[in-house]
Undergrad: 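Sending over a structure as structure tokens; questions will come in a sec.
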Amino acid sequence: MSTAMRDRGQPMRITPEEALKGLGELIDKDRFSVCPVEYRRRPAIRVTSLNSCSMTDAIVAEPRGELVVFRWSWGDPIAMSSDLHRAADIVMRVLDIAESPIAPR
């Protein structure tokens, strides 16, 4: 998405909604549910582990120049829209009960 070009070779501006849609499409639907939401008046997607509903969070998208930054609901950055695969991998790793670095053992 962020590699799309205008007629003059300039990068196209991506909206937070478009970035979230792209991110949501990369989340593994066999392991997570994804639904669009609004979080504190900002566009977001809610990602929930199908293995543990307590492993859920709203992923917020905020414009930053021509791109979008993805953030956890508490504000820490995840990745930029220029690297959707990295963002999806991070979200799935953190919210997967078996892999999460924040899940209790």
Side-chain angles (χ1 to χ4, degrees):
M1 268 191 271
S2 61
T3 59
M5 303 297 270
R6 289 187 190 141
D7 293 338
R8 296 189 181 143
Q10 298 296 318
M12 289 179 58
R13 181 180 179 97
I14 186 169
T15 68
E17 292 81 5
E18 291 168 331
L20 287 165
K21 181 178 180 192
L23 177 60
E25 290 171 354
L26 294 174
I27 302 288
D28 183 351
K29 304 305 183 299
D30 291 331
R31 295 168 40 212
F32 301 92
S33 70
V34 178
C35 65
V37 296
E38 187 175 281
Y39 185 81
R40 295 184 180 171
R41 292 187 259 157
R42 295 178 291 171
I45 55 174
R46 176 148 323 268
V47 181
T48 302
S49 170
L50 298 177
N51 295 317
S52 173
C53 62
S54 65
M55 299 300 287
T56 187
D57 198 22
I59 310 304
V60 179
E62 298 175 346
R64 179 172 292 169
E66 298 291 314
L67 299 174
V68 171
V69 62
F70 298 110
R71 295 186 179 276
W72 297 106
S73 62
W74 60 86
D76 287 354
I78 299 169
M80 298 295 291
S81 59
S82 57
D83 198 350
L84 287 175
H85 287 280
R86 179 172 177 260
D89 287 344
I90 291 169
V91 169
M92 290 186 290
R93 187 179 71 242
V94 170
L95 296 180
D96 187 330
I97 193 73
E99 296 182 29
S100 177
I102 63 170
R105 303 273 177 211

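Counting begins at 1 with the first residue of the sequence.
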Undergrad: From D83 CG over to I90 CD1, what is the distance, rounded to the nearest 0.5 angstrom?
TA: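 That separation rounds to 8.0 Å.
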
Undergrad: Sort out for me which residue in P43, P36, S81 forms a side-chain contact (heavy atoms from CB on, under 4.5 Å) with L20.
TA: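 That would be P43; it is the only one of P43, P36, S81 passing the side-chain contact (heavy atoms from CB on, under 4.5 Å) with L20.
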
Undergrad: Are I45 and M92 in one and the same hydrophobic cluster, where Ile, Leu, Val, Met, Phe, Trp and Tyr link if side-chain heavy atoms are under 4.5 Å apart?
TA: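 Yes; tracing contacts between hydrophobic side chains, which count when under 4.5 Å, links both residues.
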
Undergrad: Report the hydrophobic cluster partners of V37, with the cluster defined as I, L, V, M, F, W, Y residues connected by side-chain heavy atoms closer than 4.5 angstrom, directly or transitively.
TA: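 Besides V37, the hydrophobic cluster comprises nothing; the residue is isolated.
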
Undergrad: Shortest non-hydrogen contact from R31 to D96?
TA: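 R31 and D96 have their closest heavy atoms at NH2-OD2, 2.7 Å.
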
Undergrad: At their closest point, which heavy atom of P77 faces which heavy atom of V69, and how far apart are they?
TA: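 Smallest heavy-atom distance, with atoms named: CB-CG2, 4.4 Å.
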
Undergrad: Enumerate the residue pairs fulfilling ring pair (Phe, Tyr, Trp, His ring centres under 6.0 Å) with a member in residues 49-73, sequence neighbours excluded, ordered by first and then second residue.
TA: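 As it turns out, the ring pair (Phe, Tyr, Trp, His ring centres under 6.0 Å) pairs with a partner in residues 49-73, which skip direct neighbours, are W72-W74.
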
Undergrad: Throw together a table of side-chain donor-acceptor distances under 3.5 angstrom for residues 51-63, partners on residues two or more places apart or in other chains.
TA:
unit_1, atom_1, unit_2, atom_2, d
S52, OG, S54, OG, 2.9
T56, OG1, V47, O, 3.1
T56, OG1, T48, OG1, 2.7
D57, OD1, S73, OG, 2.5
D57, OD2, S73, N, 3.2
D57, OD2, S73, OG, 3.4
E62, OE1, R71, NE, 2.9
E62, OE2, R42, NH1, 2.2

Undergrad: Check I27, L26, V91 against V34 for a side-chain contact (heavy atoms from CB on, under 4.5 Å) and give me the one that passes.
TA: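 In the set I27, L26, V91, the residue that makes a side-chain contact (heavy atoms from CB on, under 4.5 Å) with V34 is I27.
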
